[in-house]
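Remember, it's 1-based here, ligands and their atoms both numbered in the order they're listed.
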Amino acid sequence: MMNKNGMVTKIHTRIRTDPFTSNYELLGRELGRGKFAVVKKCIEKVTGKEHAAKFLRKRRKGEDCRMDILNEIAVLESAKANPYVVALHEVYETNSEIILILECAAGGEIFNQCVAENDEAFTEKDVIRLARQILTGVACLHRNNVVHLDLKPQNILLTSAIPLGDIRIVDFGLSRRMDSVTEVREILGTPEYVEILPHVLSIGVLTYVMLTGESPFLGDNKQETFLNISQVNVDYSQDAFEGVSSLAIDFIKTLLLKTPRKRATAAECLNHPWLNGPADLYTQLHASSLPSLDEPETSQSESEPESPAPS
Ligand code: ADP
Ligand code: MG
């Protein structure tokens, strides 16, 4: 069931109403928090396995948000086969909250390592592997007509930090299902979503931040930063990209194009030579057989790229 806003509210997971604490032991430390949720580590009593419990308030600013939470659950369910989306284990409901029991991504937000000092910061080789995983995960969501709409370093987690593990995409609170990728493109172009960076653009931003530890759009003040974002004005100065390969910069430029319809799809981005260099021994993904988008930005003759066929 999908309403006209792309929200899906029919879920398959049984919502448990027995107390969550009879099956899980909460561990003190918070794993993180966002606008409406607190996430805490917990142990499932029967298995001894670690999980992350995301506590979502049903009422926010006096409004009933249960449907939004059901949508988040439905999207997680539909992404069960996606290796880079956090797994949903169970759901509990109390008078005031819905609690999602999620796979614990113990490595935390990639954000932390993006801004870390040299010896803990990502190497370019790390970023190549993580960018491939993010693109593969997002391409897989798009194949299922799901858009995340909130891809940022706080919503991309790691299964482990040391040694560096794999990525897990979390926080499907703003996600929507679209009838087709074409419709996704149309909706992303509407003023409603101006403040939400379209997917491939946001992956470009993520890659930029992972490589440089800086935001590509940061201006001297809020106004300037906002202008840089809305005009996709990216800082490509030597300073920012010290020690970063020119292929990496070219990859970012491919993603951070000003004209939305000229941007490559997530699946196409996986073909970029930066992610497929001779030193890159990581598994080739099925998306690599898709045509690459190597037209110059000024090209008049571009055709709208097709959505990748489901594999
Ligand atoms: P919100 O919708 O409020 O932003 P998120 O789902 O993004 O909630 O969770 C908030 C924060 O909690 C994340 O940025 C992350 O730091 C942490 N977190 C969320 N899910 C997990 C998880 N499965 N494992 C570990 N930490 C998590
Ligand atoms: Mg979040």
Nearest to atom 20 (N) of ligand 1 by heavy atom, L31, V86, L157: which? L157
At less than 4.0 angstrom from any non-hydrogen atom of N155, what atoms of ligand 1 do you find? 7 (O)
Going by the order shown, which atoms of ligand 1 are within less than 4.0 Å of some heavy atom of F36? 3 (O)
For atom 16 (O) of ligand 1, closest protein heavy-atom neighbour: E109 OE2, 2.4 Å
Would you verify whether the NZ or CZ of K253 falls within 45 degrees of the ring axis of Y236 while also being under 6.0 Å from that six-membered ring's centre? yes
Is the distance between the ring centroids of F55 and F36 under 6.0 Å? no
Report, one line per pair, each donor and acceptor closer than 3.5 Å where one atom sits in a side chain of residues 216-224; sequence neighbours left out.
residue, atom, partner, partner atom, Å
N221, OD1, Q223, N, 3.2
N221, OD1, E224, N, 2.7
E224, OE2, D220, N, 3.3

Spell out the protein N/O/S atoms under 2.8 Å from the Mg ion (ligand 2) as residue plus atom name. N155 OD1, D171 OD2
For ligand 1, which is the ligand I care about here, please tell me if E103 has any N or O atom under 3.5 Å from one of the ligand's N or O atoms. yes
Are more than 12 heavy atoms, taken from residues, nucleotides or ligands other than E63, located less than 6.0 Å from that residue's CD atom? no
Begin from the C-alpha positions of E97 and K58 and carry the test side chain to side chain contact (heavy atoms under 4.5 Å, CB included) through to its verdict. CA-CA 5 Å; E97 286 177 321; K58 285 191 275 186; 5.8 Å; no
Are Y208 and F251, when compared by the centres of their aromatic rings, separated by less than 6.0 Å? no
Q154: numbered ligand 1 atoms lying under 4.0 Å from its heavy atoms: 13 (C), 14 (O)
Part of A52 with heavy atoms under 4.0 Å of ligand 1, whether side chain, backbone, both or neither: side chain
